[in-house]
**Student:** 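This is the structure I have questions about; it appears just below.
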Amino acid sequence: MQTTKTLIVVRHAKSSWKYPALSDLERPLNKRGKRDAPFMGELMYQKDIKVDVMISSPAQRTLSTALAFAEAMQHPTEKIVLAPEIYEVMADTILDIIQSRFNDSWQQVMLFGHNYACTDFANWYAKPAIDNVPTCGIVAIDYSIEKWSMADKNNGSIRFFEYPKLYTKKKLY
């Protein structure tokens with residue numbers, strides 16, 4: 001019996017470069033990031049997206065994005081798992097984490113990470129390819145599998161791809 005499991009990959013919201021003395025891990029969200037993260041979390045709430053767990057890189061900008069989503073989606077913050085191995089990884093590492101670390105009782109997982117891994121991972125399933133998953137972009141991938149260990153590069157399909165600029169007024173030049 002196959003079931004559907006869903007991975008929702010979220011690239012962190014826009015970060016600030018205002019304080020050059022901060023390490024990359026310590027960089028906070030900028031004004032746009034602080035606006036976009038709750039907005040996109042609310043969008044997921046409006047789409048009735050409910051996740052079993054949120055997994056986040058420990059980088060400040062990424063965790064802040066996850067916390068904003070959790071609040072907007074009414075998801076308990078204690079169900080946010082910090083995963084240092086998500087910071088500065090390649091798409092293959094994300095797949096390894098899914099296959100070896102995800103609990104099979106989880107049906108929907110939201111993973112907060114960084115580029116280029118987010119875009120590269122999404123492009124295993126995107127037809128046509130996604131040029132770039134922008135900051136605070138969201139890609140939901142459905143897998144028809146019973147266990148997360150069965151997930152691979154070939155058996156997922158994109159359910160949706162959302163990002164903030166789809167919802168903001170376009171500037172006319």
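When a residue number appears, it is its place in the shown sequence, counting from 1. This is a predicted model, so every value here is computed, not measured.
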**Student:** Considering non-hydrogen atoms only, spot the tightest contact between I86 and S57 and give its length.
**Tutor:** CG2-CB, 4.1 Å
**Student:** Using a strict cut-off of less than 4.0 Å between a Lys/Arg side-chain nitrogen and an Asp/Glu carboxylate oxygen, indicate whether D92 and K153 qualify as a salt bridge.
**Tutor:** yes
**Student:** State whether a side-chain donor-acceptor pair under 3.5 Å links Y167 with E162.
**Tutor:** yes
**Student:** Does A151 offer a backbone N or O that forms a donor-acceptor pair with the side chain of Q99 under 3.5 Å?
**Tutor:** yes
**Student:** So, does K5 use its side chain to make a donor-acceptor pair with the main chain of K147 at under 3.5 Å?
**Tutor:** no
**Student:** What pairs of donor and acceptor atoms, side-chain ones from residues 117-130 against any protein atom, are under 3.5 angstrom apart with sequence neighbours left out?
**Tutor:**
unit_1, atom_1, unit_2, atom_2, d
T119, OG1, N115, OD1, 2.9
T119, OG1, N115, ND2, 3.2
T119, OG1, V133, N, 2.8
N123, OD1, I130, N, 2.6
N123, ND2, T119, O, 3.3
N123, ND2, I130, O, 2.9
Y125, OH, Y143, OH, 3.0
Y125, OH, D152, O, 2.8

**Student:** Does F112 share a hydrophobic cluster with I141, counting links as ILVMFWY side-chain heavy atoms below 4.5 Å and allowing steps through other members?
**Tutor:** yes
**Student:** Donor-acceptor pair, distance only, cut-off 3.5 Å: does the side chain of S64 make one with the backbone of Q60?
**Tutor:** yes
**Student:** For residues V81 and Y87: do they belong to one hydrophobic cluster (side chain heavy atoms under 4.5 Å, members Ile, Leu, Val, Met, Phe, Trp, Tyr)?
**Tutor:** no
**Student:** Does A68 offer a backbone N or O that forms a donor-acceptor pair with the side chain of E71 under 3.5 Å?
**Tutor:** no
**Student:** Compute whether any side-chain donor of one residue and acceptor of the other, for T62 and H114, lie under 3.5 angstrom apart.
**Tutor:** yes
**Student:** Can the ring centroids of F69 and Y45 be said to lie less than 6.0 angstrom from one another?
**Tutor:** no
**Student:** R61 vs D24, test: salt bridge (charged side-chain N to carboxylate O under 4.0 Å, His left out). Steps then yes/no.
**Tutor:** CA-CA 9 Å; R61 61 194 179 276; D24 187 61; 3.1 Å; yes
**Student:** Considering non-hydrogen atoms only, spot the tightest contact between S15 and N30 and give its length.
**Tutor:** O-ND2, 3.5 Å
**Student:** side-chain contact (heavy atoms from CB on, under 4.5 Å) between I8 and V51: does it pass, once the steps are laid out?
**Tutor:** CA-CA 9 Å; I8 303 167; V51 297; 4.0 Å; yes
**Student:** Output yes when a side-chain donor or acceptor of N155 lies under 3.5 Å from a complementary backbone atom of M150, and no otherwise.
**Tutor:** yes
**Student:** Flag yes if more than 12 heavy atoms outside N103 fall under 6.0 Å of its CG atom; otherwise flag no.
**Tutor:** yes
**Student:** Can you tell me how far CG of D36 sits from NZ of K31, rounded to the nearest 0.5 angstrom?
**Tutor:** 12.0 Å
**Student:** What closest approach, in Å, do A72 and E42 show between heavy atoms, and which atom pair accounts for it?
**Tutor:** CB-N, 3.4 Å
**Student:** Can a side-chain donor-acceptor contact be found between S16 and R27 if the only test is distance below 3.5 angstrom?
**Tutor:** no
**Student:** Before giving the answer on side-chain contact (heavy atoms from CB on, under 4.5 Å), spell out for N132 and R11 the whole-Å C-alpha distance, their side-chain angles and the decisive distance to 0.1 Å.
**Tutor:** CA-CA 10 Å; N132 178 51; R11 180 178 174 195; 3.7 Å; yes
**Student:** Establish whether I138 and W106 are linked, either directly or via other cluster members, by ILVMFWY side-chain heavy-atom contacts under 4.5 Å.
**Tutor:** yes
**Student:** Where do L82 and L63 land on the side-chain contact (heavy atoms from CB on, under 4.5 Å) test, with the steps shown first?
**Tutor:** CA-CA 8 Å; L82 289 182; L63 179 57; 3.8 Å; yes
**Student:** Does the pair I97 and E85 meet the rule for a side-chain contact (heavy atoms from CB on, under 4.5 Å), with working shown?
**Tutor:** CA-CA 8 Å; I97 292 166; E85 60 272 24; 3.5 Å; yes
**Student:** Any idea which heavy atoms bring P84 and P58 closest together, and the distance?
**Tutor:** CA-CD, 3.6 Å
**Student:** Do D142 and T4 have a side chain donor and acceptor closer than 3.5 Å?
**Tutor:** no
**Student:** Would you say F160 has more than 12 foreign heavy atoms packed within less than 6.0 Å of its CZ?
**Tutor:** yes
**Student:** Measure across T65 and C136 and return the closest heavy-atom pair with its distance rounded to 0.1 Å.
**Tutor:** CG2-SG, 4.5 Å
**Student:** Closest heavy-atom contact between I55 and A83?
**Tutor:** CG2-CB, 3.7 Å
